[in-house]
Amino acid sequence: MMGLTGGIGAGKSAVTTRLASLGAIVIDADRIAREVVAPGTDGLNEIVATFGERVLHDDGSLDRPALGEVVFGDEAARRRLEGIIHPRVRARTAQLAGEAAPDAVVVNDVPLLVEAGLAPTYHLVVVVSAAERTRVERLRHSRGMTEEQAYQRIQAQASDEQRREAADVVLENNSDLAALHAAVDRLWQDRLVPYERNLRQRRPAWPGPLVLLREPDPSWPAQFTRIAARIRHAVGADVRIDHVGLTAVPGLPAEDLLDIQVGVAGMAEADAFTDRLAAAGFPPSLSPGWNLSGLAGQGATGGTERQHASADPGRPVNLYVRVIGSPAWRSALLIRDHLRADERERAGFTALHRTLVGESPDRDVYAEGLRPWLETEYPRAEQWATATGWHA
């Protein structure tokens, strides 16, 4: 299930129209919000009981401007209103999503997705973005707003930076409609359709047989944060989740593949997470971990680990569910922190990493070449941990 949002004037409606033409089931949160407070509904009755008949038109329908005046600037009143509308919108949304075909790509069009903190509830969040000046001009011409009114509406919503922090995908809409349609079509074909298929079949999206080295990406920590929030939504807010592996070490070249470690009290808890993680986009993986985090745990996992991987072809993830305190759980954190702390160790590993990938980018060959380094790294890391008082 995809969440779609964007600031006023960014062009979100054009994206939803294109997605619907490609076959997506679009659920419009604004339309549902109007439906659940239509005349004769329990929602409207509760609003009147809470705020009085002053929020009604003479014909008994909701007077939205009048209601807006009642709640504007009154945080408690706004929260009471949200408590009436939001549960009903969620229930209706769930109903419509449940009625969709098993292989449908469901798109939730939610204007206030970021403001409401809903990003972790979706498999993927797509943000439609456009330059502020472009949005102002669109609002002037399409909705008849003055420039001042347009700026006020824009500034009343989440900022572009806040939306980008929540976004897995940003669709830039500063050009013409043909360019936007082309971007939507690529997203549909390359990511949404295969992601839906992988989810339905509980199949990971494998990154391919070759290790493709990239220079350090400063966005890797933010990407981890978004995915960790999604995992917490699936399995519980109090679960420890750590970014491990190469992308967790600033300055290291690495493949664009996030390694994430979820700590559990025991394997019963790990197994209880299996279906929830699969539903959230992380089905079980039968392939042994080839990367640094996986290699760190090989031979030491026993009955203390379950492996999952991302079903999203656009964001590869290896997800390790490990018992807290187990050798694999501890070693993944120890090697990460040692590399973070020791510049010489980091430089030496970087040189080795480039050499191994240059000699053979085959994953299995690369993994075997990395083992001798790991065998000597463990004692060095343990000495560092003792000297510094490090603990997981």
Side-chain angles (χ1 to χ4, degrees), residues 1 3 79 82-83 86-87 90-91 93-94 108 110 113-125 162 165-168 199 202 204 219-245 247-249 257-285 289 293-294 296-297 300-312 315-337 340 385 389-392:
M1 185 178 296
R79 291 192 178 278
E82 291 173 349
H86 289 182
R90 287 194 294 269
T93 297
N108 282 266
V110 187
L113 183 152
V114 173
E115 291 87 339
L118 296 175
T121 67
Y122 300 105
H123 294 108
L124 198 72
V125 171
Q162 289 171 317
E165 288 176 354
D168 299 290
L199 275 169
R202 290 171 60 114
S219 75
W220 281 330
Q223 293 183 52
F224 160 74
T225 298
R226 284 198 300 273
I227 293 171
R230 200 164 284 151
I231 294 168
R232 285 193 177 92
H233 178 75
V235 302
D238 59 344
V239 172
R240 175 168 175 173
I241 304 175
D242 291 288
H243 187 187
V244 295
T247 58
V249 182
L257 174 64
L258 300 184
D259 296 324
I260 297 177
Q261 179 168 271
V262 176
V264 292
M267 293 313 295
E269 185 179 13
D271 290 337
F273 287 172
T274 298
D275 289 340
R276 281 181 274 173
L277 286 171
F282 305 96
S285 166
S293 178
T301 60
T304 61
E305 176 179 299
R306 295 290 183 266
Q307 295 183 13
H308 296 251
S310 174
D312 177 7
R315 177 62 274 164
V317 172
N318 282 334
L319 178 61
Y320 301 91
V321 183
R322 290 169 170 155
V323 174
I324 293 174
S326 66
W329 178 86
R330 182 180 179 279
S331 63
L333 297 171
L334 174 60
I335 292 176
R336 178 201 68 183
D337 290 352
R340 284 177 174 178
W390 176 90
H391 59 83

Check your understanding: For the atom pair CZ (Arg336) and CD (Gln261), what is the distance rounded to the nearest 0.5 Å?
Key -> 8.5 Å
Revision key, fill the gap. Scanning both residues in full, the closest heavy-atom pair of Val323 with Ala265 reads CG1-O, 3.8 Å
Check your understanding: So, His308 side chain and Phe282 main chain: donor-acceptor pair closer than 3.5 Å or not?
Key -> yes
Check your understanding: Going from CE on Met1 to CG on Leu124, what distance comes out if it is rounded to the nearest 0.5 angstrom?
Key -> 12.5 Å
Check your understanding: What distance separates Ser219 OG from Phe224 CZ, expressed to the nearest 0.5 Å?
Key -> 14.0 Å
Point to revise | Side-chain donor/acceptor of Ser326 to backbone N/O of Arg322, under 3.5 Å | key: no
Point to revise | Positive for side-chain contact (heavy atoms from CB on, under 4.5 Å) with Ile260, one of Asn318, Val321, Val317, Val244 | key: Val317
Practice item. Kindly determine whether Phe273 and Val264 satisfy side-chain contact (heavy atoms from CB on, under 4.5 Å), including the steps that lead there. Key: CA-CA 10 Å; Phe273 287 172; Val264 292; 3.5 Å; yes
Study note, to complete from the structure: Hits for salt bridge (Lys or Arg N to Asp or Glu O under 4.0 Å) against Arg90, two or more places apart or cross-chain, chain-then-number order -> none
Revision key, fill the gap. Here the gap from Ile324 atom CD1 to Glu269 atom CD, rounded to the nearest 0.5 Å, amounts to 7.5 Å
Exercise for review: State which residues pass side-chain contact (heavy atoms from CB on, under 4.5 Å) with Thr247; sequence neighbours excluded, sorted by chain then number.
Suggested key: Trp220, His243, Ala254, Leu258
Check your understanding: Rounded to the nearest 0.5 Å, how far does CG of Asp271 lie from CZ of Arg306?
Key -> 4.5 Å
Point to revise | Under the side chain to side chain donor-acceptor pair (under 3.5 Å) test, residues paired with Arg240 that sit two or more places apart | key: Asp242
Review point. Where do Val114 and Ala166 come nearest, in terms of heavy atoms and distance?
Key: CG2-CB, 4.0 Å
Review point. With a 4.5 Å heavy-atom cut-off, do Pro204 and Pro283 have their side chains touching?
Key: yes
Revision key, fill the gap. The side chain to side chain donor-acceptor pair (under 3.5 Å) partners of Arg276 (sequence neighbours excluded) come to none
Point to revise | Salt-bridge criterion met for Arg340 and Asp337 (N-O under 4.0 Å) | key: yes
Revision key, fill the gap. Minimal heavy-atom distance between Ala278 and Leu199, with the atoms involved, is O-CD2, 3.8 Å
Please table the atom pairs, donor to acceptor, closer than 3.5 Å between any side-chain atom in residues 226-235 and protein atoms at least two apart or in another chain.
| from | atom 1 | to | atom 2 | distance (Å) |
| --- | --- | --- | --- | --- |
| Arg226 | NE | Ala167 | O | 3.1 |
| Arg226 | NH1 | Glu165 | O | 3.3 |
| Arg226 | NH1 | Ala167 | O | 3.4 |
| Arg226 | NH2 | Ala167 | O | 3.3 |
| Arg230 | NE | Tyr122 | O | 2.7 |
| Arg230 | NH1 | His123 | O | 3.2 |
| Arg230 | NH2 | Asp168 | OD2 | 2.8 |

Practice item. Check the pair Ile241, Val239 against side-chain contact (heavy atoms from CB on, under 4.5 Å), reporting the backbone distance first and the verdict last. Key: CA-CA 6 Å; Ile241 304 175; Val239 172; 4.2 Å; yes
**Study point:** Pairing residues for Glu115 by the side chain to side chain donor-acceptor pair (under 3.5 Å) criterion, not counting sequence neighbours
**Key:** none
Exercise for review: Indicate the atoms forming the closest heavy-atom contact of Gly263 with Trp329, along with that distance.
Suggested key: CA-NE1, 4.1 Å
Review point. Could you walk me through whether Trp390 and Leu334 pass the side-chain contact (heavy atoms from CB on, under 4.5 Å) check?
Key: CA-CA 8 Å; Trp390 176 90; Leu334 174 60; 3.6 Å; yes
Point to revise | Arg315 versus Ser310, closest heavy-atom pair with distance | key: O-OG, 3.1 Å
